[in-house]
Amino acid sequence: MLTINAEIKKDGLRSDGTYNVKLRFTLDRKMRRLSTSLFVTSKDLTKEFKIKQNSPIKQEIDSLIRSYQERCAKLQVELNHYTIDEVMDYLDGEYQKQQIIDFIQFSREWIASTTIKGAPNYTTAINALVRFIGKEELDINLVTSDFLEQFKLFLNKERDARIKKLKQQGKRVTSNRTLSLYLISIKKLFNEAKKKYNKPDKNLILIPHSPFENFEIPKQEATRKRAISADIIKKVWKLPYKDMKKGYKSTCRYNLAKDCFIISFCLMGINSADLYNATEMKDSTIIYNRTKTKDRRLDGAKMMVDIPNIVQPIIDKYRDKTGKRLFNFYQYYCNEKAFNKAINYGLKEIGTILNIEDLEYYAARHSWATIALNKVGIDKYIVHAALNHIDDSMKVTDIYIERDFVNENKANAKVVRYVLGK
């Protein structure tokens, strides 16, 4: 049975000659104490440090105890088998209901503590929100659907100003996705706040509203199509290497870009981050976990890609002789971002030679998928699997299926043969 009693600590004498009144909660022989805003003097106490019945403050203390008893009665402590810690958590939550939850502060703390990829995007979104409200604090209760509509208008104005400035500078305006990405990020952060502060199982709901329920987030503009034709890929393949001085050849960005683009295309569009981080190869099969999604998937985003004979010499060219990793790219570039930047720098040079505007490394992946589906007749689901994407409608089924990657590698062999003729 839960009991609540007033308690005065004998050693709790304060410099002003008062004692703080604490409430002692006891349940299943376990005790927790809670400080109150009430104070007494020695005149209010008996020799045993109990509150005198005729003390003026006795009524206030009894009233406070009754209020806590009424709050705890809602829990039906004995019926629901709550522990003393759960009772105190509930009371703490009841107190917090009266406090302001700062959405900006929460968001920045969540971003600082998270390890998910893309965390900087959330910071950018929060910075935009701060620009909108003009200060670094925001009561989460003010985040309503009307508030979000005004924020959306603000983002639209910022976007229009940015596009106008780019046009004045004579720069090309590419696909703009910031509006939807910012709002998606704010929605994610809001839901994380609800996850932290709401505890339905303990009847604790500090954030009861759901402003995104009736708020429409604009759909993202389609990603710019980066696929190139089989003929262009063949031209990249046949381009001559630059004759570099000994000792510098391995870091020539033109040669690096040519090789890595072909490697990516021949390995089902492998990302540069995965080339950089790869560590395992069995016989002629590269085994890796896709860097971009491995932390978000139960299967670790595992991939097994058979190396086509035509690309084996390029694979051997970049092998890490130390055995620490599969390739030696990490010896020349400090991280995967620097590696990807070097490749794309080299591809700009290749694009100029072949008259391809904005040729990027990711074009190898887009091209593989496009050619597989449209030219080779590979089933769309196999293309989907080869790119190591997840089909939400098949998540449960995927739990029971152990992938052997046979179909994906058969498809890859057909695509490579179609483009490079080997």
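Owing to the predicted nature of the structure, the values given are computational and were not obtained by experimental measurement. We number each residue from 1, following the sequence as shown.
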[X] versus [Y]: any side-chain heavy-atom pair under 4.5 Å?
{"X": "Glu280", "Y": "Leu326", "result": "no"}
{"X": "Thr370", "Y": "Ser367", "result": "no"}
{"X": "Ile270", "Y": "Val305", "result": "no"}
{"X": "Leu179", "Y": "Lys152", "result": "yes"}
{"X": "Tyr122", "Y": "Ile186", "result": "no"}
{"X": "Asn271", "Y": "Tyr362", "result": "yes"}
{"X": "Asn328", "Y": "Arg319", "result": "no"}
{"X": "Thr26", "Y": "Thr3", "result": "yes"}

Could you walk me through whether Thr352 and Glu357 pass the side-chain contact (heavy atoms from CB on, under 4.5 Å) check?
CA-CA 7 Å; Thr352 300; Glu357 187 179 7; over 6 Å; no
Just verifying a value: how many Å separate [X] [atom1] and [Y] [atom2], rounded to the nearest 0.5 Å?
{"X": "Ser35", "Y": "Lys22", "atom1": "OG", "atom2": "NZ", "value": "3.0 Å"}
{"X": "Tyr333", "Y": "Leu256", "atom1": "OH", "atom2": "CG", "value": "4.5 Å"}
{"X": "Leu129", "Y": "Phe154", "atom1": "CG", "atom2": "CZ", "value": "9.0 Å"}
{"X": "Ile217", "Y": "Leu148", "atom1": "CD1", "atom2": "CG", "value": "8.0 Å"}
{"X": "Ile61", "Y": "Ile8", "atom1": "CD1", "atom2": "CD1", "value": "6.0 Å"}
{"X": "Lys187", "Y": "Ser210", "atom1": "NZ", "atom2": "OG", "value": "10.0 Å"}

Any donor-acceptor pair under 3.5 Å linking the side chain of [X] with the backbone of [Y]?
{"X": "Glu86", "Y": "Thr83", "answer": "yes"}
{"X": "Tyr19", "Y": "Phe39", "answer": "no"}
{"X": "Thr36", "Y": "Val21", "answer": "yes"}
{"X": "Asp102", "Y": "Leu138", "answer": "yes"}
{"X": "Lys348", "Y": "Asp358", "answer": "no"}
{"X": "Asn198", "Y": "Ile207", "answer": "yes"}
{"X": "His209", "Y": "Leu142", "answer": "no"}
{"X": "Asn409", "Y": "Phe405", "answer": "yes"}
{"X": "Lys188", "Y": "Leu183", "answer": "no"}
{"X": "Asp320", "Y": "Arg325", "answer": "yes"}

Going by an N to O cut-off under 4.0 Å, is there a salt bridge joining [X] and [Y]?
{"X": "Glu349", "Y": "Arg253", "answer": "no"}
{"X": "Glu336", "Y": "Lys341", "answer": "no"}
{"X": "Arg162", "Y": "Glu158", "answer": "no"}

Centres of the Phe132 and Phe147 rings: under 6.0 Å?
yes
Looking at Tyr182 versus Phe151, is the centre-to-centre ring distance below 6.0 Å?
no
Could you go through the side-chain contact (heavy atoms from CB on, under 4.5 Å) check for Met303 and Asn289 one step at a time?
CA-CA 6 Å; Met303 277 296 291; Asn289 298 86; over 6 Å; no
Do other residues, nucleotides or ligands put more than 12 heavy atoms under 6.0 Å from the [atom1] atom of [X]?
{"X": "Asn374", "atom1": "CG", "answer": "yes"}
{"X": "Lys414", "atom1": "NZ", "answer": "no"}
{"X": "Glu216", "atom1": "CD", "answer": "no"}

Parallel, tilted or perpendicular: which describes the rings of His384 and Tyr381, with under 30° parallel and over 60° perpendicular?
parallel
Testing the basics here: between Ala6 and Leu23, what is the closest heavy-atom pair and its distance to 0.1 Å?
CA-CD2, 4.1 Å
Residue pairs meeting salt bridge (Lys or Arg N to Asp or Glu O under 4.0 Å), one or both in residues 363-376, sequence neighbours left out, come to none
Report yes or no: do [X] and [Y] form a side-chain donor-acceptor pair below 3.5 Å?
{"X": "Arg290", "Y": "Asn277", "result": "no"}
{"X": "Gln150", "Y": "Asp146", "result": "no"}
{"X": "Thr18", "Y": "Asp16", "result": "yes"}
{"X": "Ser145", "Y": "Asn214", "result": "no"}
{"X": "Thr322", "Y": "Tyr330", "result": "yes"}

Determine, step by step, whether Thr285 and Asp306 satisfy the side chain to side chain donor-acceptor pair (under 3.5 Å) criterion, reporting the C-alpha distance in whole Å, the side-chain angles of both residues, the deciding distance to 0.1 Å, and the verdict.
CA-CA 4 Å; Thr285 300; Asp306 297 338; 2.7 Å; yes
Do we get Arg32 above Phe25's six-membered ring, with its NZ or CZ under 6.0 Å from the centre and within 45° of the axis?
no
Audit row: Tyr361, His366, ring-ring contact (aromatic ring centres under 6.0 Å, His included) steps and yes/no
CA-CA 9 Å; Tyr361 178 82; His366 280 244; over 10 Å; no
side-chain contact (heavy atoms from CB on, under 4.5 Å) assessment of Asn20 paired with Val40:
CA-CA 7 Å; Asn20 180 237; Val40 295; over 6 Å; no
According to side-chain contact (heavy atoms from CB on, under 4.5 Å), who are the partners of Asn309, at least two apart in sequence or on a separate chain?
none
Phe265 and Trp237: ring-ring contact (aromatic ring centres under 6.0 Å, His included), yes or no, with the steps?
CA-CA 11 Å; Phe265 180 80; Trp237 166 259; over 10 Å; no
Go through it in stages, so that I can follow the logic: the residues are Ile378 and Leu373, the test is side-chain contact (heavy atoms from CB on, under 4.5 Å), and I'd like the CA-CA distance, side-chain angles, deciding distance and then a yes or no.
CA-CA 5 Å; Ile378 304 299; Leu373 182 67; 6.0 Å; no
By ring-ring contact (aromatic ring centres under 6.0 Å, His included), which residues pair with Phe329, not counting sequence neighbours?
Tyr318, Phe327, Phe339
Gln312 vs Asp316, side chain to side chain donor-acceptor pair (under 3.5 Å): CA-CA, chis, key distance, verdict
CA-CA 6 Å; Gln312 187 67 57; Asp316 295 338; 2.9 Å; yes
